[in-house]
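Input: a single structure, listed below in structure tokens.
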Amino acid sequence: LCDWSSDVCSSDLLRQYHLALGRKAQQFRRYPEEARAAGSRGRVTMRLVVSETGSPLGISLLGSSGFPVLDRAALEMMLLSASHTEVPESLRGRSFNIDLAIDYNPDDAP
């Protein structure tokens, strides 16, 4: 596996893919209504594992927001984003990890 700190993978290519994931995530982002109503806020950090073929292998929680409903929403959003974001051809042929963070604030627009 390669990651952000590895010199095997190009950090520029990983950064481009990371940004593409973020753009795609906006299409799938949802703030669970029960969390918004309760004023729940927090940061969810997770690790996405991408296969040699560019398919998402899985996603795991690295840091909880403190609210399981927000954690689940973030994990689902990023897994959907990964399945709809093309991995650059030059990153294919090897698996890699990308760490991601999503912030939830009930004052943000729906």
Side-chain angles (χ1 to χ4, degrees):
L1 289 177
C2 56
D3 60 24
W4 287 107
S5 62
S6 173
D7 54 12
V8 175
C9 292
S10 164
S11 62
D12 286 343
L13 292 172
L14 284 172
R15 192 173 304 114
Q16 287 173 15
Y17 179 62
H18 187 268
L19 291 171
L21 277 173
R23 285 189 299 272
K24 185 59 75 172
Q26 294 308 310
Q27 294 178 14
F28 299 107
R29 186 179 177 105
R30 69 175 189 82
Y31 201 119
E33 192 50 48
E34 64 270 26
R36 186 184 295 279
S40 303
R41 72 179 65 231
R43 172 173 276 211
V44 182
T45 55
M46 59 209 109
R47 175 165 292 150
L48 174 67
V49 180
V50 180
S51 76
E52 294 86 359
T53 62
S55 300
L57 285 175
I59 193 161
S60 58
L61 188 66
L62 295 177
S64 174
S65 65
F67 301 96
V69 66
L70 292 180
D71 296 346
R72 280 192 305 275
L75 290 167
E76 290 170 11
M77 174 183 62
M78 290 315 302
L79 201 52
L80 275 169
S81 299
S83 65
H84 289 87
T85 303
E86 188 171 344
V87 173
E89 190 65 39
S90 51
L91 287 178
R92 294 187 186 191
R94 56 188 162 213
S95 58
F96 60 93
N97 298 330
I98 290 193
D99 292 348
L100 306 152
I102 303 296
D103 291 313
Y104 285 96
N105 182 335
D107 298 329
D108 291 344

Taking the side chain as every heavy atom from C-beta outward, state whether [X] and [Y] have any pair of such atoms under 4.5 Å apart.
{"X": "Q16", "Y": "L19", "answer": "no"}
{"X": "I102", "Y": "R29", "answer": "yes"}
{"X": "I98", "Y": "L14", "answer": "yes"}

Where [X] and [Y] come nearest, the two heavy atoms and their spacing:
{"X": "S81", "Y": "A25", "value": "OG-CA, 3.0 Å"}
{"X": "L57", "Y": "S51", "value": "CG-CB, 3.6 Å"}
{"X": "A35", "Y": "L70", "value": "CB-CD2, 3.7 Å"}
{"X": "D71", "Y": "S64", "value": "OD2-OG, 2.5 Å"}
{"X": "S65", "Y": "V44", "value": "CB-CG2, 3.7 Å"}

Discussion item. I want to check a possible cation-pi pair here: R36 against Y104, using under 6.0 Å from ring centre and within 45° of the ring axis as the test.
Written reply: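 Not satisfied by the 6.0 Å and 45° rule.
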Working to the nearest 0.5 angstrom, can you tell me the gap between [X] [atom1] and [Y] [atom2]?
{"X": "L61", "Y": "R72", "atom1": "CG", "atom2": "CZ", "answer": "11.0 Å"}
{"X": "Q27", "Y": "L80", "atom1": "CD", "atom2": "CG", "answer": "10.5 Å"}
{"X": "M46", "Y": "I59", "atom1": "CE", "atom2": "CD1", "answer": "5.5 Å"}
{"X": "H18", "Y": "L48", "atom1": "NE2", "atom2": "CG", "answer": "9.5 Å"}
{"X": "Y31", "Y": "S40", "atom1": "OH", "atom2": "OG", "answer": "6.0 Å"}
{"X": "K24", "Y": "T85", "atom1": "NZ", "atom2": "OG1", "answer": "6.0 Å"}

Worksheet item: Is there a donor-acceptor pair closer than 3.5 Å between any side-chain N or O of R92 and the backbone N or O of V87?
Response: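 Confirmed, R92 side chain pairs with V87 backbone.
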Discussion item. Donor-acceptor pair, distance only, cut-off 3.5 Å: does the side chain of T45 make one with the backbone of G63?
Written reply: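 It does hold such a pair.
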Discussion item. Could you check whether atom CD of Q26 has more than 12 heavy atoms from other residues, nucleotides or ligands sitting under 6.0 Å from it?
Written reply: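 More than 12 heavy atoms, drawn from other residues, nucleotides or ligands, come within 6.0 Å of this atom.
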Practice prompt. Look at the aromatic rings of H84 and F28 and report parallel, tilted or perpendicular, splitting at 30° and 60°.
Written response: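 Geometry flag for F28 against H84: tilted rings.
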